[in-house]
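Okay, structure first, notes after.
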Amino acid sequence: MTDKKQGAPSSRSDRTRRQVLKQAVGLGAGLAAASLLGGEASAAPRPRPRIRPGTFTTSDGVALNYLEAGRGEPLLLLPGWSQSAALYRTQILAFAEHYHVIVLDWRGHGESEKVDHGYRIARFSRDLYEFLRGMRLKRVTALGHSMGCGVLYSYWDNYGGQHLDRLILVDVGPAMTAWPDWSEEEKVEAGSLFTPQSLYDTAAALRGPDGIATTQGLVASLFSPDFPADRLAAIVEENLKLPREHAAALLVDQAAQDWRDVIPRIDVPTLVVGGEISIFSPISQQWVADQIPGAELIIFSAEEGGSHFMWVENPEKFNEDVLDFLGR
């Protein structure tokens with residue numbers, strides 16, 4: 001493993017220049033104070049890239065929503081379980097100054113069509129493959145958060161590195177559900193959150209009469225304790241755009257996967273990002289990075305907003321780290 005980072009700022013001169021410029025115009029403070037869905041700074045040094053919506057139809061007839069902005073090399077952002085493309089507005093605006101940024105709403109999520117089939121990781125990876133081919137996207141940098149990483153692992157298992165040039169894997173355990181005979185060390189390295197029983201109990205609660213309250217509790221557990229309540233409520237509303245019965249089925253399928261035989265086969269430049277106080281232990285993110293030759297690792301500290309949603313809690317640092325990895 002080479003060039004690993006542990007949350008420390010880069011010493012590269014280009015990063016230093018960007019930080020100085022942002023401080024001079026007050027952009028960093030604006031991003032931190034902006035609302036999640038608006039993602040606007042209080043003052044901008046130049047016009048913002050225009051975000052354009054689009055629709056792509058899969059081979060089984062499902063209309064997927066996506067957002068795009070900017071021009072140049074493609075940078076694809078893949079949301080996690082029950083999340084929507086709208087949550088990535090701050091990332092879109094930051095990255096679109098350098099790249100053609102696309103954010104995909106998975107089937108049933110966000111503004112995509114609500115259908116009654118296909119809520120499994122294997123189908124999502126097929127949707128991704130069809131999307132990349134249909135949009136004629138090549139040499140793609142793909143950033144997956146949480147379940148988005150799982151979709152990328154499934155994609156790699158089925159299609160190899162087709163159309164993919166670089167990966168950014170943000171905070172998910174390689175095996176979310178532990179077998180009864182696993183040791184504590186194995187559970188920690190795998191980032192396991194569930195036992196088989198607790199997984200199905202959680203899914204049953206999601207699709208039951210208390211599904212909204214269960215969702216609120218799950219989402220709250222993914223953020224730092226002092227994360228603003230109004231922003232948390234807005235994120236919950238985006239999560240609820242995926243019908244709870246489908247959210248439950250997808251959670252079971254996602255959490256039942258074990259990607260530990262796939263991850264070592266990844267052979268493109270990769271950045272792994274985790275959080276000190278995330279639900280997934282930093283040890284599990286270290287394990288992922290150790291399996292991929294030459295991968296870089298960044299762990300956000302608690303003071304840096306190092307929860308499962310570090311990219312929401314500290315977008316300035318997250319965006320800087322991604323651009324630094326990409327050489328911008």
Side-chain angles (χ1 to χ4, degrees), residues 78-84 87 105-110 114-125 144-154 170-184 186-225 227 229 232-260 274-275 277-285 288 307-310 312:
L78 302 175
W81 172 81
S82 205
Q83 297 170 31
S84 74
L87 303 184
D105 270 333
W106 304 116
R107 61 177 60 208
H109 292 63
K114 315 305 177 193
V115 294
D116 292 328
H117 62 278
Y119 294 98
R120 57 185 60 88
I121 299 300
R123 178 66 235 193
F124 279 33
S125 69
H145 172 244
S146 197
M147 187 194 73
C149 297
V151 177
L152 286 171
Y153 296 151
S154 179
V170 184
D171 205 47
V172 76
M176 292 174 59
T177 301
W179 286 58
D181 61 346
W182 283 5
S183 68
E184 286 303 314
E186 191 168 11
K187 292 175 185 177
V188 171
E189 283 191 342
S192 297
L193 305 178
F194 301 104
T195 65
Q197 185 63 54
S198 68
L199 172 59
Y200 279 94
D201 286 346
T202 301
L206 277 170
R207 69 179 187 180
D210 295 326
I212 292 179
T214 300
T215 300
Q216 292 170 332
L218 282 174
V219 173
S221 72
L222 305 178
F223 287 84
S224 299
F227 189 73
L232 189 64
I235 294 169
V236 170
E237 286 303 310
E238 288 298 309
N239 274 248
L240 291 174
K241 290 182 177 180
L242 173 64
R244 294 298 83 186
E245 62 179 312
H246 301 322
L250 182 59
L251 177 64
V252 169
D253 188 79
Q254 171 197 359
Q257 307 296 326
D258 185 341
W259 303 113
R260 291 177 297 173
I277 57 172
S278 170
I279 55 170
F280 296 108
S281 71
I283 293 173
S284 69
Q285 302 313 292
V288 171
S307 71
H308 185 54
F309 276 81
M310 80 292 289
V312 172

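The first residue in the sequence is number 1, and the count goes up from there.
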Donor-acceptor pair, S154 side chain versus G150 backbone, under 3.5 Å? no

Closest contact, heavy atoms only, K187 versus A178: CG-CB, 3.8 Å

For C149 against V170, the heavy-atom pair lying closest together: SG-N, 3.3 Å

Shortest non-hydrogen contact from G80 toward S146: CA-CB, 4.3 Å

Check: Q285 side chain, V172 main-chain N or O, donor-acceptor pair, under 3.5 Å: yes

Holding to side chain to side chain contact (heavy atoms under 4.5 Å, CB included), I want the full list of residues that pass it with F223, two or more places apart in sequence or in another chain. V219, F227, L232, I235, F309, V312, E313

Please find the pair of heavy atoms, one from W182 and one from A190, that lie closest to each other, and give the distance. CZ3-CB, 4.0 Å

Looking at Q257 and D253, would you say the former's side chain and the latter's main chain have a donor-acceptor pair under 3.5 Å? yes

Which atom names give the shortest non-hydrogen contact between A175 and S192, and what distance separates them? O-OG, 2.8 Å

Nearest 0.5 Å, what's the CG-CG distance between N239 and L218? 9.0 Å

Residue Y200 excluded, over 12 heavy atoms near OH under 6.0 Å: no

Given S82, which partner from the list E238, H109, K241, R244 fulfils the side chain to side chain donor-acceptor pair (under 3.5 Å) test? R244

Can you name the closest pair of heavy atoms from G108 and P243 and give their distance? O-CD, 3.9 Å

Measure up the Y119 and H246 rings against each other and bin them: parallel (under 30°), tilted (30 to 60°), perpendicular (over 60°). parallel

Working to the nearest 0.5 angstrom, can you tell me the gap between E189 CD and S183 OG? 8.0 Å

For D171 and S278: C-alpha separation, side-chain torsions, deciding distance, then whether side-chain hydrogen bond (donor to acceptor under 3.5 Å, both in side chains) applies. CA-CA 8 Å; D171 205 47; S278 170; 2.5 Å; yes

Distance (rounded to the nearest 0.5 Å) between D201 CG and L206 CG: 11.5 Å

Supply the atom-to-atom distance W106 CH2 to L250 CG, rounded to the nearest 0.5 angstrom. 10.0 Å

Without swapping roles, check the side chain of T177 against the backbone of A255 for a donor-acceptor pair under 3.5 Å. yes

Report the distance from atom CE of M176 to atom CE of M147, rounding to the nearest 0.5 Å. 10.5 Å

When you look at CZ of R260, are more than 12 heavy atoms from neighbouring residues, nucleotides or ligands closer to it than 6.0 Å? yes

L193 vs L199 side-chain heavy atoms within contact, under 4.5 Å: no

Between OG1 of T202 and CZ of R207, what distance do you get to the nearest 0.5 Å? 12.5 Å

In the structure I gave you, are the side-chain heavy atoms of Y153 and V288 within less than 4.5 Å of one another anywhere? yes

Can you tell me if T214 uses its side chain to pair, donor with acceptor, with the backbone of D210 under 3.5 Å? yes

